[in-house]
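See structure below.
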Number of protein chains: 2
Amino acid sequence: MTENQIPDVVIARLPIYLLKLNQLLRDGQKVVSSAQLSEMIGIPATQIRKDLSWFGGFGKQGSGYDVIHLMDQLKNILNLDRIWQMVVVGAGNLGKAVVEYDGFRQKGFEISAVFDNEPDRIGSRVGHLVVQDVEDLESYIKEHQIYVAALTVPASAAPSVAEKLVKAGVRAILNYAPVRLLMPKNVEISNVDPVLSLQRMTFYLPRK
Amino acid sequence: MTENQIPDVVIARLPIYLLKLNQLLRDGQKVVSSAQLSEMIGIPATQIRKDLSWFGGFGKQGSGYDVIHLMDQLKNILNLDRIWQMVVVGAGNLGKAVVEYDGFRQKGFEISAVFDNEPDRIGSRVGHLVVQDVEDLESYIKEHQIYVAALTVPASAAPSVAEKLVKAGVRAILNYAPVRLLMPKNVEISNVDPVLSLQRMTFYLPRK
DNA sequence: TAGATTGTTAATCGATTAACAATC
DNA sequence: TAGATTGTTAATCGATTAACAATC
């Protein structure tokens, strides 16, 4: 069963295409060529075509890609033609910001619960949610069949909470804690660590 | 002048090594081998050694790397043996969270000013700072020789603000707005877009 | 039809990995 | 010295890019 494995880098670019297509749609553009997309997002046209061709022929020779149609296809490929329920673990400043950020819901990720272990926080309101006891995390995930979680606990607590999440059935973790979490290979993890990004960029800055 | 160009992917891994070394230091470990590091962060030992060897020989055959010495070297390479002043543009929820997040300062990135264009927000306090008028952004950057900025304005405003930043002399932008910004090639940009990360991960999740 | 642009093959480029001599 | 682990070369692997036939 040698599956025609699609490279991870290709998958990572699809949401970028989708983002730009959204914008084109709002601007009322009906059709777009790979050359136009290329210029707008700074990815070579050949690469865009190659990426898309992993999944089929979505374009039309001579004219380009129908914006709406391509968006639908990408959403389907990325499993985004549905709403994903998501839990947030950690109700500190970061957790609050995540819960109150509107961008997740707008793109189909609905935060359905937030958890913490601090007695002071449990029971308090964050956004439109009430903070629940992390003791109830596993049963909640199982009962509601949650696959996606955001981790906004301190670095020290992250590994053990992540393990709990995985044990309960979570398959994708958005990790805001500044640690590298080792995951079984059937669990996806994305690290949101702006400090690492800054530390990369400073390499290229003038030393003074 | 064919410079021995170091790949971007290599640079991007160095802060990860640094993060883990920090942890080892706290744990009191003095020396670490590439094999140990490998196991701890899930990057092949060969790759770690290869990455480091771009910059010189930091290890000792037979024993490994001195934790403190390697940290010092990495900090030097990444230009992290100093404090970077940073401005934040956009004082909405996201901007507030960024200003109030302690992790930047801890790692040597000091937020020295925050800007917005909303009259209601200008003059109000965020963390220990007072929100300044974005009209004064360029002069502030020039006067204080700021090279690093975080962009937490709405997507629609991001491109024009980014342009202002670059014009004033900013060379590294941490972009929180959900847009791709095209930058001159002497300006570094990192996108912090958790939604894109989620949209990548859902590809791998079971469809139901 | 002529012009434009896709989808795909093949060539190139660059990054990862294996292997091992050097050396602490 | 013997054992361990680095630093580096060469081989492999995989991703990007160029080129162009197919086709709208």
Side-chain angles (χ1 to χ4, degrees), chain A residues 2-17 20-21 24 29-74 77 180 185 200 203, chain B residues 2-17 20-21 24 29-74 77 180 185 200 203:
Chain A
T2 326
E3 235 188 285
N4 202 15
Q5 261 295 22
I6 295 156
D8 285 353
V9 278
V10 171
I11 304 302
R13 279 192 293 266
L14 301 185
I16 299 172
Y17 302 154
K20 182 52 79 174
L21 289 167
L24 288 173
Q29 193 174 327
K30 296 268 195 299
V31 172
V32 67
S33 72
S34 59
Q36 273 184 292
L37 272 176
S38 167
E39 201 187 352
M40 290 185 295
I41 58 190
I43 290 176
T46 322
Q47 190 166 66
I48 296 173
R49 296 204 301 278
K50 186 93 216 290
D51 285 354
L52 297 177
S53 77
W54 282 93
F55 306 94
F58 303 138
K60 204 183 261 182
Q61 280 96 332
S63 55
Y65 301 86
D66 181 279
V67 172
I68 291 179
H69 180 244
L70 184 52
M71 288 182 66
D72 284 346
Q73 296 293 324
L74 288 176
I77 292 164
R180 305 294 288 190
K185 64 182 171 333
R200 182 187 61 73
F203 172 82
Chain B
T2 325
E3 235 188 288
N4 201 14
Q5 263 294 23
I6 294 156
D8 286 352
V9 278
V10 171
I11 304 303
R13 278 192 294 263
L14 300 185
I16 299 172
Y17 302 153
K20 182 51 79 173
L21 289 166
L24 288 173
Q29 192 173 329
K30 296 266 194 299
V31 172
V32 68
S33 70
S34 59
Q36 274 184 291
L37 272 176
S38 167
E39 202 188 350
M40 290 185 296
I41 58 190
I43 290 176
T46 324
Q47 189 166 65
I48 295 174
R49 296 204 302 278
K50 185 95 215 291
D51 285 354
L52 297 176
S53 78
W54 282 93
F55 306 95
F58 303 138
K60 203 183 263 184
Q61 281 94 335
S63 55
Y65 301 86
D66 181 278
V67 173
I68 291 180
H69 179 245
L70 185 52
M71 287 181 67
D72 285 346
Q73 296 294 324
L74 288 176
I77 291 164
R180 306 293 288 190
K185 65 182 169 330
R200 182 187 60 72
F203 173 81

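Every chain is numbered from 1 and lettered A, B, ... according to where its sequence line falls, protein lines coming before strand lines.
Not counting sequence neighbours, the partners of Gln29(B) by the side-chain hydrogen bond (donor to acceptor under 3.5 Å, both in side chains) test are Gln36(B).
Closest to the side chain of Tyr65(B), from the set dG7(D), dA15(C), dT6(C), is dG7(D).
The distance from atom OG of Ser34(A) to atom NZ of Lys50(A), rounded to the nearest 0.5 Å, is 14.0 Å. Asp51(A) contributes atom CG, which lies 4.0 Å from atom CZ of Arg13(A) (distance to the nearest 0.5 angstrom). Atom-to-atom distance recorded for Tyr17(B):OH and Ile43(B):CD1 is 4.5 Å, nearest 0.5 angstrom. Summarising the geometry, atom CG belonging to Asp8(A) is positioned 8.5 Å from atom CZ belonging to Phe203(B); distances are rounded to the nearest 0.5 Å. Between the OH atom in Tyr65(B) and the CG atom in Leu74(B) there is a gap of 10.0 Å [rounded to 0.5 Å].
Note: CD (Gln36(B)) to C1' (dT6(D)) measures 14 Å, nearest angstrom. We find that CD1 of Ile6(B) is positioned 16 Å from C1' of dT8(D), with the value rounded to whole Å. The CG atom of Asp51(A) sits 14 Å away from the C1' atom of dT8(C) (whole-angstrom rounding). Rounded to whole Å, the distance from CG on Asp8(A) to P on dG14(D) is 12 Å. Atom CG of Asp66(B) and atom C1' of dT6(D) are 15 Å apart (whole Å). As rounded to whole Å, 16 Å separates atom P of dT8(D) from atom CD1 of Ile48(B). Distance CZ (Phe58(B)) to C1' (dT5(D)): 17 Å, rounded to an integer number of Å. Taking atom CH2 of residue Trp54(B) and atom C1' of nucleotide dT6(D), one finds them 18 Å apart after rounding to whole Å.
The shortest distance between side-chain heavy atoms of Ile77(B) and Trp54(B) does not fall below 4.5 Å. Leu37(A) places a side-chain heavy atom less than 4.5 Å from the side chain of Met40(A).
Residue Ser33(B) is in sugar-phosphate contact alone, with no base atom involved, counting any heavy-atom pair closer than 4.0 Å across all strands shown.
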Pairs counted as Watson-Crick or G-U wobble with both distances under 3.5 Å: what dot-bracket string results for DNA chain C, using | for bases tied to another strand?
-> ..||||||||||||||||||||||

Protein-to-nucleotide contact annotation, 5' to 3' order, nucleotides 17-24 of chain C [B base; S sugar-phosphate only; - none; under 4.0 Å, heavy atom] = BBB--BBB

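Residue-to-nucleotide proximity on DNA chain D shows that, of Arg13(A) and Gly57(B), the 5′-proximal contact is made by Gly57(B).
Of the candidates Ile16(B), Asp72(B), Val32(B), Val32(B) is the only one forming a side chain to side chain contact (heavy atoms under 4.5 Å, CB included) with Leu21(B).
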